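Scope of the values below: all heavy atoms of this structure, side chains included, with no hydrogens, waters or symmetry mates. Everything numeric in this text was worked out from a predicted model, so none of it was measured.
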Amino acid sequence: MKISRNISSVSDMNDLISVREEYPDHSFFYINFTVHQDKDIYLAMNRLSAYLTNNVLQVLIGFAFGFEPQIINQLSNEPGGIIFLRHNVSSGYHIQLICTDSRDVNSIRNQGSANIKTVNHYDCLLYYISNLQSDQFNDCYSQAYSSFKLLGKILKDYAINYNNLARTWLYLHKILNWYSDLNRARNDFFTDEKILDSLIPASTGIGIDNVEGKCLLISALALKAKDGKEKVRMIDSPKQGDAINYKSSFSRAVEISFKTSKRLIISGTASIDEKGKTLYENSVVDQIEHSMLVVEAILFNEQYNWDNIVRAIAYLPDTQHIKHFRDYCMSRGIDTSCVLTVGGTVCRDDLLFEIELDAVKSL
């Protein structure tokens with residue numbers, strides 16, 4: 001397995017960065033695609049689709065930020081498996097795709113709008129589940145609990161043990177108004193399904209509105225081992241306590257062990273201490289530094305480094321602060337080519353930065 005990075009231009013109007021995770025018979029590609037605000041989004045999306053077709057890439061899951069319903073309805077060549085989100089950035093459109101050149105990809109429609117992509121990766125079948133949402137329009141707790149129930153049904157339909165649910169992405173409408181209800185719904189579902197007694201998945205929960213007008217959209221990564229063994233283990237954070245201690249049911253990180261490689265998935269990480277208290281309330285610079293040191297401690301403790309990063313998304317409520325994140329990374333020699341920086345509300349109004357990331361290494 002090797003990792004290579006390529007920065008190119010799909011056209012003169014946008015930038016495309018691709019990170020390739022290469023194996024002998026297939027590869028995974030992590031693509032960041034930016035379209036500036038003054039450019040033609042429809043032409044850009046057509047060219048992105050052409051780029052994927054020309055390189056024989058299939059989208060497993062994708063996240064598109066800055067889109068409105070009227071734009072999505074007019075997209076003539078939209079790659080499948082993408083969750084479309086609004087955000088508070090006026091500087092353009094930002095897309096991150098996880099793709100593969102494997103010919104062994106299946107696409108399944110399940111539970112209404114949910115999209116499931118499966119791909120064989122040596123000793124495992126990977127399940128990328130995207131755009132899962134409740135069909136209800138009642139209170140946010142009920143929508144959230146219903147959405148988790150739908151996720152549980154999908155896993156049961158495909159005989160996937162909860163111990164192999166590796167991570168979730170939770171995008172919340174007006175997160176600050178009901179984050180405690182989200183935690184209550186997740187805790188209730190995890191308790192009902194006895195997930196808290198075994199492996200708790202990594203997760204990102206971020207405040208970004210969706211174009212469907214729902215309280216919550218869920219995407220997830222799960223897997224099924226061909227030998228029936230459990231491949232995922234929870235990872236502790238050396239600099240933060242367990243989130244479950246303050247009634248938020250997610251792991252700081254998990255690691256998946258494949259036949260020839262390992263994948264470390266770090267949850268959305270913000271500037272909080274071991275007891276869950278916000279640190280550096282009024283300083284985005286200090287919050288960025290602390291969050292990155294927390295991430296670095298997890299990486300180094302599990303014998304990864306910054307060169308093992310294949311994808312990341314950094315969320316900032318005020319996108320004018322993106323420059324502080326880039327300055328921090330530049331001062332420490334951290335390559336940000338694989339990091340998508342977008343606007344998003346963190347789960348507390350005094351948190352100014354959050355980052356999630358995946359790292360990969362050979363056995």
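K323 and D327 are not joined by a salt bridge, as no carboxylate oxygen comes within less than 4.0 angstrom of a charged side-chain nitrogen. Salt bridge K239/E296: absent, no basic N to carboxylate O contact under 4.0 Å.
Side chains of S27 and R20: a donor on one and an acceptor on the other come within 3.5 Å. Between the side chains of D335 and S337, at least one donor-acceptor pair of N or O atoms lies under 3.5 Å. With 3.5 Å as the limit, one finds a donor-acceptor pair spanning the side chains of S203 and T168. No hydrogens or angles considered: a donor-acceptor pair under 3.5 Å links the side chains of S248 and N183. A donor atom on one side chain and an acceptor atom on the other are found under 3.5 Å apart for E356 and T204. No side-chain donor-acceptor contact under 3.5 Å links D101 and H26.
Between Y127 and Y158, the ring planes lie tilted relative to each other; the angle falls in the 30° to 60° range. Between Y93 and F67, the ring-plane angle classifies as tilted under the 30° and 60° cut-offs. Note on ring orientation: taking the six-membered ring where Trp is involved, the planes of Y145 and Y141 are parallel (angle under 30°, cut-offs 30° and 60°).
No side-chain heavy atom of I3 sits less than 4.5 Å from a side-chain heavy atom of Y30. Using a 4.5 Å heavy-atom threshold, the side chains of Q143 and L216 count as separate. Counting heavy atoms from C-beta outward, I195 and F189 have side chains that approach closer than 4.5 Å. Considering only heavy atoms from C-beta on, V19 stays 4.5 Å or farther from R311 through its side chain. A 4.5 Å side-chain heavy-atom check between F65 and I313 finds at least one atom pair inside the cut-off. Contact annotation: the side chain of R184 never approaches that of N187 to less than 4.5 Å [non-hydrogen atoms, C-beta and beyond]. At least one side-chain heavy atom of L217 sits under 4.5 Å from a side-chain heavy atom of N131.
No donor-acceptor pair closer than 3.5 Å links the side chain of N164 to the backbone N or O of I160. With hydrogens and angles disregarded, a donor-acceptor distance shorter than 3.5 Å links the side chain of R252 to the backbone of G241. Remark: side-chain polar atoms of Q133 are not paired, donor with acceptor, to backbone N or O of G213 under 3.5 angstrom. At least one donor-acceptor pair closer than 3.5 Å links the side chain of N308 to the backbone N or O of V360. The backbone N or O of V310 lies less than 3.5 Å from no partner atom in the side chain of D358, so there is not a single donor-acceptor pair. Under a 3.5 Å cut-off, the side chain of S291 and the backbone N or O of E354 do not form any donor-acceptor pair. No donor-acceptor pair closer than 3.5 Å links the side chain of E22 to the backbone N or O of S4. Side chain of T269 to backbone of S267: a donor-acceptor contact under 3.5 angstrom is found.
L279 belongs to a hydrophobic cluster whose remaining members, ordered by chain and number, are Y280; membership requires side-chain heavy atoms of ILVMFWY residues under 4.5 Å apart, directly or through intermediates.
Evaluated for a salt bridge (Lys or Arg N to Asp or Glu O under 4.0 Å) with E21, the options K361, K262, R263 yield exactly one hit, R263. Results of the salt bridge (Lys or Arg N to Asp or Glu O under 4.0 Å) test with D123 over K231, K226, K259 single out K231 as the only residue that passes. With respect to F63, the ring-ring contact (aromatic ring centres under 6.0 Å, His included) criterion is satisfied by exactly one of Y128, W169, Y315: W169.
Between F353 and H290, the ring centre distance reaches or exceeds 6.0 Å.
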Output a table of donor-acceptor pairs, distance under 3.5 Å, between side-chain atoms of residues 297-304 and any protein atom two or more places apart or on a different chain; print 'none' if there are none.
unit_1: E302; atom_1: OE1; unit_2: R233; atom_2: NH2; d: 2.7
unit_1: Y304; atom_1: OH; unit_2: E255; atom_2: OE2; d: 2.6

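For R332, the CZ atom counts as densely surrounded, since its 6.0 Å shell holds more than 12 non-hydrogen atoms of other residues, nucleotides or ligands.
Applying the ring pair (Phe, Tyr, Trp, His ring centres under 6.0 Å) rule to pairs touching residues 191-235 yields nothing, sequence neighbours excluded.
Put simply, L125 and I108 are part of the same group of oily side chains (I, L, V, M, F, W, Y) that touch within less than 4.5 Å, one to the next.
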